[in-house]
There are 2 protein chains.
Amino acid sequence: MPQHTTTEIFDMPRRKSETAAAPRGRPRAYDAKAALKQATETFWRTGYSGTPLDKIAAATGMSPPSLYAAFGNKHELYLEALASYWEMTLAATREALAGDRPLAEALMLAYEAALSFYFSRKGSARGCFVIGTAVAEAVEDAEIRKSVAAGLRMLDGDFEARFRTARERGELKQDADPEALALLASATMHTIAIRARAGARRADLREIAHKAVTVICGSPSASH
Amino acid sequence: MPQHTTTEIFDMPRRKSETAAAPRGRPRAYDAKAALKQATETFWRTGYSGTPLDKIAAATGMSPPSLYAAFGNKHELYLEALASYWEMTLAATREALAGDRPLAEALMLAYEAALSFYFSRKGSARGCFVIGTAVAEAVEDAEIRKSVAAGLRMLDGDFEARFRTARERGELKQDADPEALALLASATMHTIAIRARAGARRADLREIAHKAVTVICGSPSASH
DNA sequence: AATTAATTGTAACGATCGTTACGAAATAGA
DNA sequence: TCTATTTCGTAACGATCGTTACAATTAATT
């Protein structure tokens with residue numbers, strides 16, 4: 001293949017890095033993905049109603065007009081942050097529950113994954129983004145409520161599927177109720193999310209998860 | 001006793017109705033107790049940050065200056081509402097768990113009591129006041145966080161005490177862990193509180209509670 | 001009747017809310 | 001180099017936020 005021109009070589013990576021070929025006007029000074037992450041971080045602490053757009057602008061380094069160009073308005077921005085959070089946590093939960101791990105170990109892994117979200121790098125507790133910010137708005141805001149309800153339903157479903165296969169594998173008694181156990185597993189996740197927001201220490205929450213898993217999986221099964 | 005004068009008769013109820021004898025100036029046009037209840041109702045729907053004082057003034061029928069004279073400021077008013085709510089719900093839970101009822105029946109009664117708070121007269125779901133409004137503020141507001149943590153601790157304690165006496169009464173196996181079961185009982189309360197705020201139907205939440213109680217109390221014990 | 005004390009409603013305070021004109025800046029194509 | 005196009009930062013918009021003077025009102029006390 002002798003027809004290798006330099007233009008061909010440089011066009012290939014250009015087209016790969018971004019979908020369109022050329023943006024035409026002044027280039028964006030922000031990374032939308034990183035900005036959404038920082039906006040999420042800000043909402044996480046002070047909630048939706050409690051977070052002015054100024055603080056989000058400061059956290060992202062974006063000007064208000066840029067925020068509106070990128071995300072629409074405050075409400076749409078929050079909705080996007082909420083959807084992104086659900087995606088992230090549900091993926092982490094599914095990964096924890098997947099594989100050939102023993103049931104109790106898989107459950108503990110799911111709770112540990114949640115705790116790693118609830119406690120930020122600095123060690124300060126912020127709890128669950130959904131429970132800490134979305135639940136407050138859910139009553140009056142139909143879109144937020146819909147997102148919360150859908151996320152809770154998927155979490156229930158993931159737990160229930162895991163308990164169902166656990167029963168098939170003989171990890172649970174044959175008369176165990178996968179739906180009921182999934183409800184308790186979700187409830188454990190929820191109580192941890194709440195307590196983290198209320199200032200509980202990470203080690204205490206881990207122990208709460210452990211106690212819950214012990215009861216859910218049948219009395220003495222957590223350590224092996 | 002012949003010394004029954006009319007002044008004596010009319011002074012007695014007067015002193016009983018209010019602690020002091022005479023307020024001196026213009027009398028209050030509001031009932032502080034009723035106003036706190038209506039303020040709570042308003043916070044309940046739209047949260048602390050999401051509720052302007054105007055709405056509270058409208059709900060209570062009080063003018064802003066009267067609100068400040070009665071409660072201090074918005075933050076103190078909310079704190080008082082939060083304390084009052086804890087008092088109310090903890091009393092209801094204790095009453096449900098007290099008495100000689102079977103364990104499963106007592107637990108279901110506690111959850112039913114909670115549901116009667118979570119669903120207003122009109123049938124619209126507003127969920128738990130604490131989970132719906134206080135948890136959002138708890139991260140940044142130390143006073144609210146303290147109130148939430150203390151309330152959760154008391155709820156845990158009430159459940160644990162009930163499980164402890166249940167074990168003594170032979171309602172549970174001797175090797176049952178009252179603390180672990182109490183954690184799951186609290187978690188069930190929390191998951192119901194969250195789901196109610198997310199729009200779940202009351203009947204579904206009742207069934208969730210029933211499934212949880214069945215697992216917690218040992219498989220087949222809910223109906224007798 | 002006059003005085004004192006307490007609360008009332010109105011109206012406004014400065015600060016901040018979400019949102020948006022507007023002109024300068026920066027890049028691709030001509 | 002010039003034009004077209006897109007995003008930038010600044011600065012401001014009206015609305016609303018929590019809070020408070022202020023004068024009128026209502027009652028007990030003198």
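Numbers restart at 1 for each chain; the letters A, B, ... are given by sequence-line order, proteins then strands. Here the structure is a predicted model, which means the values were calculated and not measured.
The interatomic distance linking Arg24(A) (CZ) with dT3(D) (P) rounds to 13 Å, in whole Å. The NE2 atom of His75(A) sits 10 Å away from the P atom of dT19(C) (whole-angstrom rounding). In this structure, the CG atom of Asn73(A) is 11 Å from the P atom of dG18(C), given to the nearest Å. Look at NZ on Lys74(B): it is 19 Å from P on dA15(C), rounded to the nearest Å. Taking atom OH on Tyr30(A) and atom P on dA25(C), their separation rounds to 20 Å, with Å as the unit. Following rounding to the nearest Å, Tyr48(B) (OH) and dC17(D) (P) show an atom-to-atom distance of 13 Å. Counting to the nearest Å, the C1' atom of dC13(D) and the OH atom of Tyr68(A) are 13 Å from each other. dC13(C) atom P lies 19 Å from atom CG of Leu53(B), rounded to whole Å.
Side-chain contact check for Thr133(A) and Tyr78(A): at least one donor-acceptor pair (N or O, by modelled atom type) lies under 3.5 Å.
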**OP:** Would you sort out whether Thr188(A) and Ile216(A) count as a side-chain contact (heavy atoms from CB on, under 4.5 Å), showing the intermediate values?
**Re:** CA-CA 10 Å; Thr188(A) 300; Ile216(A) 290 173; 4.1 Å; yes

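Each of dT10(D), dA27(D), dT4(C) was ranked by its minimum atom distance to the side chain of Pro27(B); first place goes to dA27(D). Nearest nucleotide to the side chain of Ala29(B), out of dT8(C), dC8(D), dT5(D): dT8(C). Candidate nucleotides dA24(C), dT5(D), dA28(D) were compared by shortest atom distance to the side chain of Arg26(A), and dA24(C) ranks first. In the set dC17(C), dT8(C), dT27(C), dC17(C) carries the atom at the smallest distance from any side-chain atom of Pro52(A). In the set dT26(D), dT20(D), dG9(C), the nucleotide with an atom closest to the side chain of Ser63(B) is dG9(C). Of all nucleotides listed (dA4(D), dT29(D), dG9(C)), dG9(C) comes nearest to the side chain of Ser66(B).
More than 12 heavy atoms of other residues, nucleotides or ligands sit less than 6.0 Å from atom CD of Glu140(B).
For the pair Ser49(A) and Pro65(A), nearest-nucleotide mapping onto DNA chain C gives the more 5' position to Ser49(A).
Using a 4.0 Å heavy-atom criterion, one finds that Thr51(B) contacts the sugar-phosphate atoms exclusively. As judged by a 4.0 angstrom heavy-atom cut-off over every strand, Pro64(B) is placed among the base-contacting residues.
With respect to the salt-bridge test (charged N to carboxylate O, under 4.0 angstrom), the residues Glu41(B) and Lys37(B) do not qualify.
Figure legend: Lys74(B) and Phe43(B) shown without cation-pi pairing, the cationic atom not lying both under 6.0 angstrom from the six-membered ring centre and within 45 degrees of its axis.
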